Amino acid sequence: MSNPTFEVDDVTLEQVREHVWEVPQTGDMRVPARVLASEALLEEISADKTLEQITNTTHLPGITNHAICMPDGHQGYGFPVGGVGALDAEDGCISPGAVGYDINCGVRMMRTNLTYDDVRGHEEELVDSLFTNVPSGLGGGGIVEAGADTVDEILARGVDWAVENGHAVADDRLHCEDEGMREEADPSKVSQKAKDRGKNQIGSLGSGNHFLEVQRVTDVFDDEVGEAFGLEEDQIVVLIHCGSRGLGHQTCNDYLRKIEQTHQGLLNQLPDKELAAAPAGSQLAEDYYGAMNAAINFAWVNRQLIMHRTRQVFERVFERPWEEMEMELLYDVAHNIAKKETHTVGDEKRELYVHRKGATRAFPKGHPEVPKAYRDVGQPVIIPGSMGAGSYVLRGGANSMDLTFGSTAHGAGRLMSRTQAKNEFWGGDVQDELEAQDQIYVKAQSGATVAEEAPGVYKDVDEVVRVSDELGIGDKVARTFPVCNIKG
DNA sequence: ATGTGC
């Protein structure tokens, strides 16, 4: 008996098992491509170039097992957003397009001991104060304006710098992926132009889908893990989503151009120039890895400064020290990174550049890289939905190492382009509706951004999370709903 | 995502 299939254009995907669809290996593909999705999500994923892109990815040297597209996947630069590609770190390659322009775009969630009742009636004061005190929008203006030495220190040391300079407490570091610092960072490999763009953006949200949202926990699905994460129903939490701003963007661009010029032989083997990659062991592979890790550190500092500023805003609005409100970092996860990780492939251990672009690390319980506080339950995974839908907290699932190199989805995933969104929605109407129907208060620098990020431009986050949970790569722990939101 | 272009 043959498996169910899904046909789109000239491609036939075979269902390997529930929620696992495979593009068979043909031609110059080095491995099959896999899409992890329900049929409804696969339908949406087929609407743009995602399937073509995830298939193209299988041509990269050193790609291991499968190229994988997550349930929230959509088209990106060369490599889909929602893609995972594990490329051999000895005889494979590293590809900036498979990390993304916004290096270490990511999210962090901060707990509080406030309840929704404590915040009701203060929503407008809170959203106004956050909007005034947390820099957002395109261009410059951050919480810290740094000189050259300081930028280098931030690039080298990440959240460790923030702790030493009064923007973090020591405990914050322990609740970040990689403890908020990549040792392999090499600031000397980040261009002067990138540093100049970053120096006045340290502690700034940026634009697009980046936001800061105050939320209330509406459901805890798993009491044991919920308790380990310090989450309970009706509790207020804060979610921060942003990345490495102009510094990361410039770094990606710098290395794409260098790699295209230097490694044309490899480029010519690939079906899409946007997948440009540097062979493992080459000078540019080392340089990009050092620079990317530096940009990763920059993004962690960025989210840290915004979180610490949020503590100060809450102190003013609720007239209490933040420690008394127990405003502790739950966890900070990266969405756009590559990392040398050791994985079991067949019966051997191999070192791989695991590229996660619009995908979240989701290590299960017991993994030595899960912070001690969560080691018995698994790594927290934070999945932001749209500003009308709320978000999820998951924990790394038991099957993630076998199926996805320890990864799951990163959000709801776009349904339509930004241009299309602006034709469908008007920012002011979206804001009015959210406030009238759901008591969600949104404040943004630009109405166009609100239209581009309207709830209707996103896939159904409940469906994305259902697939992750049923696959056992990231298990449902809690759900949140927006209270107020600021964006660029 | 982005001093909204390659």
Side-chain angles (χ1 to χ4, degrees), chain A residues 48 53 72-83 95-107 135-142 145 151 190-202 204-212 240-261 264 267 272-276 291-292 295-296 298-300 302-303 306 333-338 355-360 384 386 410-414 416-423 427 444-453 457-458 487-488:
Chain A
D48 61 20
Q53 290 187 331
D72 54 336
H74 63 93
Q75 182 181 325
Y77 180 89
F79 191 97
V81 177
S95 171
V99 171
Y101 268 91
D102 189 6
I103 297 167
N104 193 7
C105 173
V107 285
S136 66
L138 278 172
E145 166 105 39
V151 172
V190 176
S191 69
Q192 194 54 52
K193 194 174 175 186
K195 289 175 186 174
D196 285 342
R197 284 180 71 174
K199 69 182 179 200
N200 65 345
Q201 298 185 325
I202 305 159
S204 68
L205 275 176
S207 184
N209 64 353
H210 291 164
F211 63 81
L212 183 156
I240 294 162
H241 180 200
C242 62
S244 52
R245 304 291 329 276
L247 183 139
H249 190 271
Q250 188 65 46
T251 300
C252 179
N253 205 52
D254 288 342
Y255 280 94
L256 278 170
R257 298 296 92 84
K258 284 187 199 177
I259 291 169
E260 284 165 5
Q261 284 168 17
Q264 286 182 12
L267 191 60
D272 184 352
K273 169 175 163 297
E274 294 182 352
L275 287 174
M292 178 201 62
I296 286 174
F298 184 91
W300 273 321
N302 193 22
R303 291 196 284 277
I306 292 169
V333 293
H335 285 165
N336 283 7
I337 50 103
H355 296 65
R356 297 188 182 93
K357 177 184 182 180
T360 313
S386 72
H410 85 305
R414 291 194 82 83
M416 63 180 85
S417 70
R418 296 181 181 282
T419 315
Q420 200 183 338
K422 278 181 282 197
N423 291 330
Q445 297 284 354
S446 126
T449 307
V450 179
E452 288 174 7
E453 297 301 320
V457 317
Y458 280 96
K487 54 207 305 98

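Heavy atoms only: backbone and side chains are in, while hydrogens, waters and symmetry mates are out. Here is the naming used below: chain letters follow the sequence lines, and residue numbers restart at 1 for every chain. Quick caveat, the model's predicted, so the values are computed rather than measured.
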> In whole angstroms, how far is the C1' atom of dT2(B) from the CG atom of Leu256(A)?
Replying inline: 13 Å
> Excluding sequence neighbours, so at least two apart, what forms ring-ring contact (aromatic ring centres under 6.0 Å, His included) with His210(A)?
Replying inline: His241(A)
> At what distance, to the nearest 0.5 angstrom, does CD of Gln264(A) lie from NZ of Lys273(A)?
Replying inline: 10.5 Å
> Tell me: CD of Gln445(A) to C1' of dT4(B), nearest whole Å?
Replying inline: 16 Å
> Rounded to the Å, how far apart are Asn253(A) CG and dG5(B) P?
Replying inline: 12 Å
> Contact class for Gly243(A) vs. all strands (heavy atom < 4.0 Å): base, sugar-phosphate, or nothing?
Replying inline: nothing
> At under 4.0 Å, does any side-chain N or O of Arg418(A) touch on OP1 or OP2 of dT4(B)?
Replying inline: no
>> If you assign Leu138(A) and Glu453(A) each to the DNA chain B nucleotide with the nearest heavy atom, which residue ends up on the more 5' nucleotide?
In response: Glu453(A)
> Roughly how many Å is it from OH in Tyr77(A) to C1' in dT2(B), rounded to a whole number?
Replying inline: 13 Å
>> Distance check needed: dT2(B) C1' versus Asn302(A) CG, whole Å only.
In response: 14 Å
> Angle class for the His355(A)/Phe79(A) ring planes (parallel below 30°, perpendicular above 60°, tilted otherwise)?
Replying inline: tilted
> So what does Arg257(A) touch, heavy atoms closer than 4.0 Å: a base, only the sugar-phosphate, or nothing?
Replying inline: nothing
>> Regarding Lys193(A), tell me which of base, sugar-phosphate or nothing describes its non-hydrogen contacts under 4.0 Å with the strands shown.
In response: base
> How long is the line joining NZ of Lys258(A) and P of dC6(B), in whole Å?
Replying inline: 20 Å
> Starting at CG of Asp102(A) and ending at P of dT2(B), how long is that distance when rounded to a whole Å?
Replying inline: 6 Å
> Looking across every strand, which nucleic acid part, if any, lies under 4.0 Å from Ser244(A) by heavy atom: base, sugar-phosphate, or nothing?
Replying inline: nothing
> dT2(B) P sits how many Å from Asp254(A) CG, rounded?
Replying inline: 16 Å
>> Over all strands shown, is Gln201(A) touching base, sugar-phosphate only, or nothing at heavy-atom distances under 4.0 angstrom?
In response: sugar-phosphate
>> Run the side-chain contact (heavy atoms from CB on, under 4.5 Å) test against Asn200(A) and tell me which residues pass, sequence neighbours left out.
In response: Glu145(A)
>> What's the separation between atom CD1 in Ile337(A) and atom SG in Cys105(A), rounded to the nearest 0.5 Å?
In response: 12.0 Å
